[in-house]
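Step one of this worksheet: look at the structure below.
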Amino acid sequence: MLEEEKDLLKELATGNKKVIQKLYISSFSKVVNFVQKNNGNRTDAEDIFQKALLQLIARYKVKSFTITSTLEAYLFGACKNLWRRELKKQKRMITKEDTVELLIEGDDMTMAILEQEKWELFQEKLKRISNNCKQLLQLFFQKTPYKEIAEKLGYNSDNVVRQRVFNCKSQLTKLIKNDPRYNRIKDL
């Protein structure tokens, strides 16, 4: 993490209004665009942005961590993950109308931080696999049909793509499971 990023994070944690304002100016419009493109509105984006800021501050105060990008990029990633989680939660509430459980806000924050840690571990290990595997898994995660992946990447058939996806996922899984952080966060 750059020294400037560390300073910004420290200032954010102390409640420095200028840093908070800077983050709003540099990042909030991107969050609004993302949330609105994904079944949300400006109010939802405001809530998500606030939760992400609180998550970032809470995490900084609990233990040190490294941001490998800019603080703005990290914050945007946290907002995206929180919004996706919110959409999943809404879907569960709709499908389980009779047994809706209310989540305690503190538990919700803890889960959000944990999910962010899992996402960071995944992203870190994804960078360590071959470029071909990264490209293949990116298309796979975007739910691109196997035939289309075969055409784009020059594979002979969709069966070859299936085998490559399996191998690449296995490599990625092995890297993740061999990291000491995995055992700490896997069951939480």
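For the numbers below, each heavy atom of this structure counts, side chains included, while hydrogens, waters and symmetry mates do not.
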Open item on the list: Using every non-hydrogen atom in the two residues, find where Q36 and R42 come nearest and quote the distance to one decimal.
Closed with: NE2-N, 3.9 Å
Open item on the list: Applying side-chain contact (heavy atoms from CB on, under 4.5 Å) to E124 and R128, what does each step give before you reach the verdict?
Closed with: CA-CA 7 Å; E124 178 184 314; R128 294 190 51 206; 5.5 Å; no
Task: Side-chain heavy-atom pair R84, K80 within 4.5 angstrom cut-off - done: yes
- [ ] Grab the two heavy atoms, one from T43 and one from N41, that are nearest each other, plus how far apart they are.
- [x] N-OD1, 3.0 Å
Task: N156, CG: over 12 other non-hydrogen atoms inside 6.0 angstrom - done: no
Open item on the list: Are T14 and E11 packed together at the side-chain level, in the sense that at least one heavy-atom pair is separated by less than 4.5 angstrom?
Closed with: yes
Task: Value rounded to 0.5 Å, distance of CG in N131 from CD in Q138 - done: 11.0 Å
Task: Side-chain touch L126/I129, heavy atoms, less than 4.5 angstrom - done: yes
Open item on the list: Does R164 form a side-chain contact (heavy atoms from CB on, under 4.5 Å) with N132? I'd like the steps, not just the answer.
Closed with: CA-CA 10 Å; R164 273 301 282 154; N132 181 269; 2.9 Å; yes
Open item on the list: Just verifying a value: how many Å separate C168 SG and K134 NZ, rounded to the nearest 0.5 Å?
Closed with: 11.5 Å
Task: Within-4.5 Å side-chain heavy-atom neighbours: K152 and E148 - done: yes
- [ ] Mind checking the OG-NZ spacing from S170 to K177? Nearest 0.5 Å is all I need.
- [x] 9.5 Å
TODO: Would you indicate whether the side-chain heavy atoms of E72 and L75 approach each other to under 4.5 Å?
DONE: no
Task: Any donor-acceptor pair under 3.5 Å from K125 side chain to T173 backbone - done: no
- [ ] Kindly indicate whether the side chain of W83, heavy atoms from C-beta on, has any atom under 4.5 Å from the side chain of N38.
- [x] yes
Open item on the list: Any carboxylate oxygen within less than 4.0 angstrom of a Lys/Arg side-chain nitrogen, looking at K147 and E151?
Closed with: no
Task: Considering all heavy atoms, the nearest F76-K30 contact - done: CE1-O, 3.5 Å
Task: D158 side-chain N/O to V161 backbone N/O, donor-acceptor pair under 3.5 Å - done: no
Open item on the list: For F49 and Y24, take the angle between the two ring planes, folded into 0 to 90°, and tell me which bin it lands in: parallel under 30, tilted 30 to 60, perpendicular over 60.
Closed with: tilted
Task: Near-ring test Y155/Y146, centroid separation under 6.0 angstrom - done: no
Task: Atom pair CD1 (I48) and CZ (F28), whose distance is rounded to the nearest 0.5 Å - done: 11.0 Å
- [ ] Can you measure from CG (L12) to CG (L54) and round to the nearest 0.5 angstrom?
- [x] 9.0 Å
TODO: To the nearest 0.5 angstrom, please state how far the CD1 atom of I149 sits from the CZ atom of R162.
DONE: 9.5 Å
Task: Residue Q21 excluded, over 12 heavy atoms near CD under 6.0 Å - done: no
TODO: Give a yes or no on whether the backbone of D44 and the side-chain of D47 come within a donor-acceptor separation of less than 3.5 Å.
DONE: no
